[in-house]
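Encoded as structure tokens, the structure appears first; notes follow it.
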2 protein chains.
Amino acid sequence: MDARQRLSAAGLRRTAARVLVTERMVAEGRPLTPAGICEALPELDRVTVYRTLASLEGAGLAHKVQGLDGAWRYCIDDSEISGCPGGHPHLLCTRCGAMACLLGQGLPWVAVPEGFAVQGKQLVVHGICASCAAAGAR
Amino acid sequence: MDARQRLSAAGLRRTAARVLVTERMVAEGRPLTPAGICEALPELDRVTVYRTLASLEGAGLAHKVQGLDGAWRYCIDDSEISGCPGGHPHLLCTRCGAMACLLGQGLPWVAVPEGFAVQGKQLVVHGICASCAAAGAR
DNA sequence: CTTCGAGATGCAACCCTGTTGTATTTGAGG
DNA sequence: CCTCAAATACAACAGGGTTGCATCTCGAAG
Ligand SMILES: [Mn+2]
Ligand SMILES: [Mn+2]
Ligand SMILES: [Zn+2]
Ligand SMILES: [Zn+2]
């Protein structure tokens, strides 16, 4: 699905910044930090990238997850693949900072105390990714 | 168990800062942000609080969890209660920022791709806590 | 094709969390 | 007591993210 189509389908104005950011995220296919996107798109202002990501997330075109480093990662929701309502766990490499969506598995049910209204859950599994392990052993 | 005993048992020097921070955390009984601890203990320098919390965590006397607001929360490990090796889920109120340990349940098993070496997991359930819901309805 | 206004962008300044460097103090063991 | 490694205070810094405001631009309406 084309970036422009995604934006229109979600009822968002198709601005240059949104098209660029969306295309970049689709091309990467994994959760990216705002900083990483800024690096890839130096023609965009940092604040614009933050606001663009917030728009995409608000419109349901992307989801975000927190890294252990305090930075959020945003990833396009690919409606053809995901199909994991309620979200999915994420992998995070503590060495290189790369994040990956663990599609195909959902989030666990958790027993919460009476009166607590659950809005969402976040499950991040951290460790050393395969490529970092290979590089470290070398 | 006394704060001093905890420190000695873990092989840490019993300094004034560590005793104060530990006592404060035991008294609260829930995960606290460094900022919250600083507020409660204005006689301590901010950096000292950060380094003290790192010491406690390194010695296995406390664990930490990330809040959705980007701040870490530290909580004393009460050896008499916890007994949840590998950690436990945490609750976070998105309105007041209060966090709670969900003792009694462990973290789920997650299928990770071949070659990924898991170091740890973090499961944060966020929503509106009972007292905030009551306050909001009022 | 032109007009026009809500919404998006760029820029500067700011806040908050956390870290690092370094001189000074402190506490536990001898 | 002494001693010295470890811990503390203070200042400076770094990174992620937000806010306010002037300017620009998309897209609907004429
Ligand atoms: Mn994901
Ligand atoms: Mn806990
Ligand atoms: Zn890696
Ligand atoms: Zn609350």
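Atoms considered below: every heavy atom in the structure, side chains included; atoms not considered: hydrogens, waters and symmetry mates. By convention in this document, chain letters (A, B, ...) are assigned in the order of the sequence lines, proteins followed by strands, and residues within each chain are numbered from 1. Fair warning: this is a prediction, and the values are worked out from it, not measured in the lab.
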Is any side-chain heavy atom of [X] closer than 4.5 Å to a side-chain heavy atom of [Y]?
| X | Y | value |
| --- | --- | --- |
| A:Pro31 | A:His90 | yes |
| A:Arg14 | A:Ser8 | yes |
| B:Thr33 | B:Met99 | no |

Practice problem: For A:Ala16 and for B:Ala17, find the nucleotide of DNA chain D with the closest heavy atom, then tell me which residue's nucleotide is more 5'. | Solution: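 This one resolves to B:Ala17.
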
What is the separation between atom [atom1] on [X] and atom [atom2] on [N], rounded to the nearest whole Å?
| X | N | atom1 | atom2 | answer |
| --- | --- | --- | --- | --- |
| A:Trp72 | C:dT17 | CH2 | P | 15 Å |
| A:Leu32 | D:dG16 | CG | P | 14 Å |
| B:Glu39 | C:dC16 | CD | C1' | 14 Å |
| A:Glu43 | C:dA8 | CD | P | 19 Å |
| A:Leu7 | C:dG7 | CG | P | 17 Å |
| A:Arg13 | D:dC24 | CZ | P | 15 Å |
| B:Asp45 | C:dT20 | CG | P | 16 Å |
| B:Leu44 | C:dT25 | CG | C1' | 15 Å |

Quiz prompt | Per A:Val47 side chain, nearest of listed nucleotides D:dC10, C:dA12, C:dG10 | solution =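 When the side chain of A:Val47 is considered, C:dA12 is the closest of D:dC10, C:dA12, C:dG10.
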
Practice problem: Look at all strands and tell whether B:Arg51 reaches a base, only sugar-phosphate, or nothing, counting heavy atoms closer than 4.0 Å. | Solution: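 Contact class for B:Arg51: base.
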
Quiz item: For A:Arg46, which contact category applies under a 4.0 Å heavy-atom criterion: base, sugar-phosphate, or nothing?
Solution: base

May I ask you to verify if any side-chain N or O of [X] is less than 4.0 angstrom from the OP1 or OP2 atom of [N]?
| X | N | result |
| --- | --- | --- |
| A:Thr15 | D:dC26 | no |
| A:Arg18 | C:dA8 | yes |
| A:Thr52 | C:dT9 | yes |

Practice problem: Assess whether side-chain contact (heavy atoms from CB on, under 4.5 Å) is satisfied between A:Thr94 and B:Gln119, documenting all intermediate values. | Solution: CA-CA 9 Å; A:Thr94 53; B:Gln119 291 175 333; 2.9 Å; yes

Quiz item: Do other residues, nucleotides or ligands put more than 12 heavy atoms under 6.0 Å from the CD atom of A:Glu39?
Solution: no

Exercise. Measure the CG-CD distance between A:Leu123 and A:Gln105 for me, rounded to the nearest 0.5 Å.
Key: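 Here the rounded value is 8.5 Å.
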
Practice problem: Over all heavy atoms of both residues, which pair between B:Gln66 and B:Trp72 is shortest? Give the atoms and the distance, please. | Solution: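 In this case the closest contact between B:Gln66 and B:Trp72 is N-CE3, 3.6 Å.
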
Quiz prompt | Axial bend angle, the helix from C:dC1-D:dG30 to C:dG30-D:dC1: five-pair end segments, nearest 10° | solution =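 End-to-end axis angle: 30°.
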
